[in-house]
Q: 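Dumping the structure here so I can ask a few things about it.
As the structure is a computational prediction, the values presented were derived from the model and not from experiment.
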Amino acid sequence: MRIYRAVGFDLQKLVHEDMLRSFSAYPRIWSAVGADANIDHRRVPNLMTFFRRNGRTLPTSRLSTDYAPGDIVAWDLGGGLTHLASSFLACGF
């Protein structure tokens with residue numbers, strides 16, 4: 001969230017506003033009855049939904065060269081667990 005704010009995007013606010021507009025489009029994993037600006041942006045399924053609705057999605061690839069520096073990559077860790085990270089591999093780190 002902090003790096004996005006540093007470049008002029010308040011992702012926390014954007015996710016919250018989108019959830020207020022279209023709460024039914026978001027996962028119901030946590031029995032939430034409405035958007036919560038304090039936690040929604042920290043939940044990976046919510047972020048994946050937000051990016052799918054408002055951004056661009058790329059085809060799944062195992063090649064780091066298929067991702068640009070700063071791309072956000074999601075992993076399915078199994079057992080209902082997901083994780084997000086920035087594509088540092090594409091940066092050579």
Side-chain angles (χ1 to χ4, degrees):
M1 295 302 133
R2 289 181 183 99
I3 193 65
Y4 277 100
R5 282 187 187 124
V7 295
F9 294 96
D10 188 340
L11 191 54
Q12 179 177 358
K13 180 180 179 206
L14 293 170
V15 169
H16 180 66
E17 289 173 349
D18 193 53
M19 289 188 77
L20 287 174
R21 280 190 302 275
S22 302
F23 185 71
S24 64
Y26 284 82
R28 298 290 172 90
I29 300 169
W30 306 277
S31 302
V33 295
D36 181 343
N38 296 306
I39 190 68
D40 288 334
H41 64 288
R42 296 173 185 248
R43 294 181 165 149
V44 174
N46 287 346
L47 288 170
M48 292 170 66
T49 300
F50 174 81
F51 289 127
R52 192 170 33 257
R53 288 174 46 80
N54 297 283
R56 185 172 72 135
T57 58
L58 301 171
T60 302
S61 176
R62 293 181 181 265
L63 302 173
S64 63
T65 54
D66 288 338
Y67 300 98
D71 282 352
I72 295 179
V73 182
W75 287 272
D76 180 348
L77 302 175
L81 299 174
T82 51
H83 181 70
L84 285 181
S86 182
S87 61
F88 291 112
L89 294 176
C91 302
F93 293 105

Q: Indicate if F23 and V15 have the same hydrophobic cluster label, given that clusters are the connected sets of ILVMFWY residues with side-chain heavy-atom separations under 4.5 angstrom.
A: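 Linked, F23 and V15 end up in one cluster.
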
Q: For A37 and Q12, work out which heavy atoms get closest and say how close.
A: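 Minimum heavy-atom contact is O-NE2, 2.8 Å.
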
Q: How would you list, by chain and number, every residue that makes a salt bridge (Lys or Arg N to Asp or Glu O under 4.0 Å) with R5, sequence neighbours excluded?
A: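 Here the qualifying residues are D10.
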
Q: Going by the rule side-chain contact (heavy atoms from CB on, under 4.5 Å), which residues pair with L81 if we only count those two or more places apart in sequence or in a different chain?
A: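 L81: side-chain contact (heavy atoms from CB on, under 4.5 Å) contacts with L77.
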
Q: Which atom pair, heavy atoms only, marks the closest approach of A85 to W75?
A: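 Closest approach of A85 to W75, heavy atoms only: CB-CZ3, 3.3 Å.
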
Q: To the nearest 0.5 Å, what is the distance between CZ on R43 and CD1 on I29?
A: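 R43 atom CZ to I29 atom CD1 measures 8.5 Å (nearest 0.5 Å).
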
Q: If you compare all heavy atoms of A25 against all heavy atoms of T49, which two are closest, and at what distance to 0.1 Å?
A: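 Scanning both residues completely, I find the closest heavy atoms to be O-CG2, 3.5 Å.
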
Q: Applying side-chain contact (heavy atoms from CB on, under 4.5 Å), name anything that partners L58, two or more places apart in sequence or on another chain.
A: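 R56, Y67, D71.
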
Q: Using the test side-chain contact (heavy atoms from CB on, under 4.5 Å), find all partners of L84 that sit at least two apart in sequence or belong to another chain.
A: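 With sequence neighbours excluded, L84 shows a side-chain contact (heavy atoms from CB on, under 4.5 Å) to V44, L47, M48, I72, A74, given in chain and number order.
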
Q: Within a 6.0 Å radius of atom CZ on F9, are there more than 12 heavy atoms belonging to other residues, nucleotides or ligands?
A: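 For F9, atom CZ is not crowded (no more than 12 foreign heavy atoms under 6.0 Å).
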
Q: Can you tell me how far the CE atom of M19 sits from the CG atom of D40, to the nearest 0.5 Å?
A: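 The distance works out to 4.0 Å.
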
Q: Start with the C-alpha gap between F50 and L11, add the side-chain angles, then the distance that decides, and say whether side-chain contact (heavy atoms from CB on, under 4.5 Å) holds.
A: CA-CA 10 Å; F50 174 81; L11 191 54; 3.6 Å; yes

Q: List for me each residue that meets salt bridge (Lys or Arg N to Asp or Glu O under 4.0 Å) alongside D18, sequence neighbours excluded, and say none if there are none.
A: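 R21, R53.
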
Q: Are L14 and L20 connected, step by step, through hydrophobic side chains (Ile, Leu, Val, Met, Phe, Trp, Tyr) whose heavy atoms are closer than 4.5 Å?
A: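 Different clusters.
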
Q: N46 and P27: which non-hydrogen atoms are nearest, and at how many Å?
A: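 Taking every non-hydrogen atom into account, OD1-CD, 3.6 Å.
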
Q: What residue pairs, at least two apart or across chains, pass side-chain hydrogen bond (donor to acceptor under 3.5 Å, both in side chains) with a residue in residues 27-38?
A: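 For residues 27-38, and leaving out neighbouring residues, the side-chain hydrogen bond (donor to acceptor under 3.5 Å, both in side chains) pairs sorted by first residue read D36-N38.
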
